[in-house]
Amino acid sequence: MNRVKILFFFSFGISILSFSQTTENISISIIDSETKEPIPFATIHLLNKPNMGWAANMQGIIQIESSLLEIIQSDSLLIKSLGYQQKIIHLNQIKSNNLFIYLSPQTYNLSELIVKPSQDKATNVIQNAIAHRKENSPTSIDHFNCEIYNKTTIDVVPNRDYFSNAQIEKIQANQHRKHLLIYEKYSSSLFQNGTMINESIKSHRLSGFKNPTIENFTTQIQPFHFYEPIIPLFENTYINPISKSGISNYGYQITDTIYVENDTIVGIAYFPKIVNKSLLKGIVHISLKNYAIVKVTAEPAIQELLNLKIEQEYKRIKNHYLPHQLSYQLVFKKYPNKKYGLKLESYTYIKDYQFNLVEIKPVANQNDLVSMDSLRPLSLSLKEQNTYIWADSVGQVKNFDGKLRFINTLSQGKIPFKIIDFDLSQMQYNLHEIFRLGIGVYTNTIFSKRFILGGFIAYGTGDNEKKYGGLMSYKFPKQKIIIEARYKTDVVERGVLEMGFTKKSDFWRTMMKDSLNNSESFRLSVKKNVNNCSFLLGVKKENIQDLNFTYGKLKFTEIYASAIINLNKEKQQFYEPNNLSYKFPILYLTYIKGINQLGGDFTYSRFSSFLEYSYYVERLGKQSIFIAYDRIFGGANLPYYKFISGYGAYCPSLPFYENNYFQTMLPYEFTHTESLVIHLKHTFLKPLYYTKLSEPRISIIQSMGWGRNVFIIANQFKVFDKGYFESGLHVENMIKINYLNLAYIGLGAGVFAKYGDYASSTISDNLVYKINLSMIF
């Protein structure tokens with residue numbers, strides 16, 4: 001589970017000037033009377049001239065030019081926002097150039113708002129926006145570069161379900177001086193077809209820390225734009241109301257019409273026809289000139305342990321409406337406890353769009369970062385200034401940098417102590433070693449930012465064998481190169497690739513490892529990162545002690561090359577949404593050449609590859625594809641240990657579902673010298689139903705594999721040369737369990753059936769039942 005680094009609140013400075021003695025513009029702030037928070041995109045109209053109006057920005061602020069004062073002096077202002085009671089302000093009530101207007105919330109019955117789409121003008125506008133979605137979306141632009149400033153604040157906030165309004169006002173009054181945390185970042189970013197592919201950070205600052213190491217979490221809560229059919233928010237995904245799927249799931253109603261220069265902006269409220277966990281609610285403002293999104297607010301229709309709301313504002317730049325300001329508010333209502341929650345608020349400002357640029361100049365290192373004071377588009381409020389002053393002084397005394405380094409290291413399964421880290425990853429369970437007890441010790445960045453030295457020791461209670469190893473690594477930061485030497489005496493799994501870039505370890509499948517062999521190996525490798533791809537070149541010398549057959553001691557010397565290629569070129573994200581994540585095509589390639597030199601006894605080659613890809617089918621859900629192809633060339637006398645195996649994840653004592661494995665196949669049931677495996681999974685977007693205790697989401701899974709052996713092998717090796725086929729139905733989140741008021745643990749189950757030439761004549765023997773655990777936000 002991702003660590004949640006949290007919270008929020010943006011305050012406005014109040015400057016009172018005499019209205020009658022100045023010709024400055026009028027600044028009007030629209031504020032929620034209960035929460036005292038700004039109301040974004042509220043509108044103001046002249047009561048007697050409804051064609052003249054203004055819309056608030058994300059901070060709920062409207063600027064009226066002083067040149068218009070004479071025109072409006074004889075009129076009144078009508079202030080409106082969906083979900084709030086309207087208010088009329090007479091101009092003779094305005095005593096200052098900085099006016100604060102408080103609107104009271106109003107509860108709507110959604111069923112009263114819903115009208116038939118065919119009779120609704122709002123739906124016609126939405127359909128036109130859908131028809132023009134492709135040309136208006138940033139994805140239609142090949143390349144563009146822009147400057148991005150982000151400011152995020154974190155606060156502890158009182159829970160409105162626990163405290164009265166009077167108590168909340170008193171608590172907030174005591175919190176007005178400073179935030180719990182403030183984080184700023186300024187960067188130049190390069191986009192290709194609306195997707196960020198490169199980012200160069202020019203400056204960043206985290207209150208209380210000299211050297212911020214916080215991950216790029218704050219700007220990834222919401223998407224860069226609102227044009228994709230599926231909208232990812234935090235850890236979930238939702239149907240976009242401006243999509244073909246949205247037409248059948250949402251009701252629409254026009255809330256306002258604003259006339260701006262030569263354009264008309266229509267505000268449309270959208271809301272679920274039937275409330276569902278995969279739907280949103282909010283307001284979208286659309287230009288009638290080209291049916292582009294001008295402004296949008298969105299929040300999940302169902303919110304439980306957390307509240308999330310996003311706001312986006314677009315600006316017309318060279319015939320494109322491009323994101324200009326983005327913001328979100330994320331509140332964990334009852335975390336860390338029932339009385340107080342964590343609140344994160346973030347504002348992103350985007351400017352200086354440049355088109356057809358294909359690269360940006362990266363900042364060489366930390367010393368090249370410039371002062372944030374010269375980059376931020378808005379001055380800090382007094383509260384934000386106080387936060388830095390307070391946190392920086394306390395952070396130095398309390399060693400915030402050291403504590404953050406401790407948390408980051410601990411999240412990686414390590415415990416830092418001065419110049420070394422204790423690695424806990426040696427503490428494992430599997431069917432061969434039973435309980436693997438051990439620890440690793442490695443130097444960290446305090447010792448050296450370039451050099452790593454360390455090792456591990458472990459012992460298996462099942463095989464009564466001790467294991468140990470050592471590591472030396474050196475990094476060349478400018479060249480993005482890492483040289484590594486590694487020695488170890490350990491147990492290894494047969495038939496599974498354990499060098500180069502391999503498929504990530506799967507938690508439950510790792511526990512199913514059995515019939516392992518003893519191995520002594522030395523490996524030397526060089527790793528190079530290029531853009532969003534990684535390349536690895538190495539040599540490995542290994543001695544295997546066969547524990548299962550009669551081969552005895554085996555000696556291998558191998559040269560290998562490996563690569564991870566991101567086919568979509570997308571900038572890698574810090575997190576992925578939980579159930580329906582965006583995963584663009586990633587290709588893994590590894591080539592191994594065994595040589596009969598340097599102590600090696602076998603000559604052969606192995607080519608291994610697999611492709612992972614997930615995409616959305618509008619109106620249906622998420623389709624995931626996993627394809628793996630392996631082949632061994634030459635080496636007629638190659639021992640079984642190097643043959644391809646490990647496809648299955650069926651273990652009666654560990655009945656857990658593991659993605660991209662055969663659920664009905666034993667881990668080492670089949671062995672090949674060439675194989676092709678395909679796993680297809682379709683997850684429906686909307687859960688079957690929703691309650692506080694359950695929100696089941698269905699997945700249909702199809703797996704198939706073919707293999708052959710080109711060598712003459714003993715009869716104990718099975719081959720699925722006639723094709724292995726398996727189908728399954730999997731239901732996630734059948735039961736939800738509250739976890740610390742932060743998230744839900746979802747418990748699911750599935751059934752899988754094998755069929756074809758390798759199926760049993762007894763139907764029950766072909767069925768396997770699995771359970772699944774997931775995290776729900």
Side-chain angles (χ1 to χ4, degrees), residues 82-83 105-127 129-130 133 222-223 226-255 267-284 286 296-310 333 577-580 616-623 682-700 729-736 744 746 748 774 776-777:
L82 183 68
Q106 176 175 304
T107 303
Y108 285 100
N109 184 347
L110 290 183
S111 62
E112 297 175 355
L113 294 176
I114 298 175
V115 293
K116 293 182 179 179
S118 61
Q119 300 175 355
D120 187 11
K121 180 181 177 181
T123 304
N124 293 331
V125 176
I126 294 293
Q127 288 174 332
I130 295 171
R133 186 176 64 187
Q222 63 171 312
F226 208 78
Y227 278 99
E228 295 295 337
I230 303 297
I231 300 296
L233 297 180
F234 192 43
E235 293 279 312
N236 298 301
T237 47
Y238 302 89
I239 297 174
N240 190 339
I242 309 175
S243 67
K244 295 178 181 179
S245 300
I247 293 293
S248 58
N249 284 280
Y250 292 96
Y252 305 93
Q253 180 171 308
I254 292 179
T255 61
I268 299 175
Y270 60 90
F271 39 85
K273 291 181 177 180
I274 299 177
V275 177
N276 190 286
K277 191 70 182 285
S278 62
L279 300 178
L280 302 165
K281 61 180 179 180
I283 303 176
V284 59
I286 295 175
V296 64
T297 65
E299 58 184 298
I302 297 176
Q303 305 201 67
E304 297 178 286
L305 297 178
L306 61 83
N307 285 338
L308 172 64
K309 184 175 183 179
I310 71 164
K333 295 185 291 186
N578 184 38
N579 292 323
L580 295 168
Y616 284 96
V617 180
E618 193 167 355
R619 302 187 182 185
L620 292 179
K622 175 188 171 187
Q623 182 70 47
H682 181 84
T683 302
F684 291 94
L685 184 60
K686 296 197 296 186
L688 287 176
Y689 58 85
Y690 164 79
T691 70
K692 290 186 177 181
L693 300 176
S694 178
E695 52 179 272
R697 193 185 299 269
I698 294 180
S699 295
I700 299 174
L729 180 68
H730 192 251
V731 184
E732 293 183 338
N733 311 328
M734 298 173 64
I735 299 175
K736 294 161 55 179
Y744 288 100
S774 60
I776 314 168
F777 289 87

Kindly compute the distance separating CD1 (Ile302) from CG (Leu279), expressed to the nearest 0.5 Å.
8.0 Å
Lys309: which residues meet the side-chain hydrogen bond (donor to acceptor under 3.5 Å, both in side chains) condition with it, sequence neighbours left out?
none
Is the backbone of Gly267 close enough, under 3.5 Å, to the side chain of Thr255 for a donor and an acceptor to pair up by distance?
yes
By side-chain hydrogen bond (donor to acceptor under 3.5 Å, both in side chains), which residues pair with Ser278, not counting sequence neighbours?
Asn276
If every non-hydrogen atom of Pro241 is compared with every non-hydrogen atom of Leu280, which pair is closest and at what distance?
CD-CD1, 4.4 Å
Rounded to the nearest 0.5 Å, what separation is found between the OG1 atom of Thr683 and the CD1 atom of Ile700?
9.5 Å
From Ile230 atom CD1 to Asn236 atom CG, the distance as rounded to the nearest 0.5 Å:
12.5 Å
So do Tyr616 and Thr237 actually touch side chain to side chain, heavy atoms under 4.5 Å?
yes
Quick one: are Ser774 and Asn733 in side-chain contact, heavy atoms under 4.5 Å?
yes
Find the distance between CG (Leu688) and NZ (Lys277) and round it off to the nearest 0.5 Å.
14.0 Å
Closest contact, heavy atoms only, Pro223 versus Pro232:
CD-O, 3.2 Å
According to salt bridge (Lys or Arg N to Asp or Glu O under 4.0 Å), who are the partners of Lys333, at least two apart in sequence or on a separate chain?
none
Side chain to side chain contact (heavy atoms under 4.5 Å, CB included) between Ile242 and Val296: does it pass, once the steps are laid out?
CA-CA 11 Å; Ile242 309 175; Val296 64; 5.8 Å; no
For residues Ile268 and Ala122, report the shortest heavy-atom separation together with the two atoms involved.
CD1-O, 3.7 Å
For Thr123 and Tyr252, which heavy atoms make the closest approach, and how far apart are they?
OG1-CD1, 3.7 Å
Side chain to side chain contact (heavy atoms under 4.5 Å, CB included) test vs Glu695 passes for just one of Met734, Glu304, Lys686, Glu732, namely Glu304
Salt bridge (Lys or Arg N to Asp or Glu O under 4.0 Å) against Glu299, all qualifying residues, sequence neighbours excluded:
none
Less than 4.5 Å apart, any side-chain heavy atom of Ile310 and any of Thr297?
no
Under 6.0 Å from the ring centre and within 45 degrees of the ring axis: does the NZ or CZ of Lys736 meet both conditions for the six-membered ring of Tyr744?
yes
Check: Val617 and Leu685 side chains under 4.5 Å, non-hydrogen atoms:
no
For residues Phe234 and Leu306, determine if any side-chain heavy atom of one lies less than 4.5 Å from a side-chain heavy atom of the other.
yes
Rounding to 0.5 Å, atoms OH (Tyr250) and NZ (Lys273) come to a distance of 11.5 Å
Hey, are the side chains of Gln303 and Leu308 touching, using non-hydrogen atoms and a 4.5 Å cut-off?
yes
Contacts of type side-chain hydrogen bond (donor to acceptor under 3.5 Å, both in side chains), residue Ser248, not counting sequence neighbours:
none
I need the minimum non-hydrogen distance between Arg697 and Pro687, along with the two atoms involved.
NH1-CD, 4.1 Å
Identify the two heavy atoms, one from Asn240 and one from Glu228, that lie closest to each other, and give their separation to 0.1 Å.
ND2-O, 2.8 Å
Applying side-chain hydrogen bond (donor to acceptor under 3.5 Å, both in side chains), name anything that partners Ser243, two or more places apart in sequence or on another chain.
none
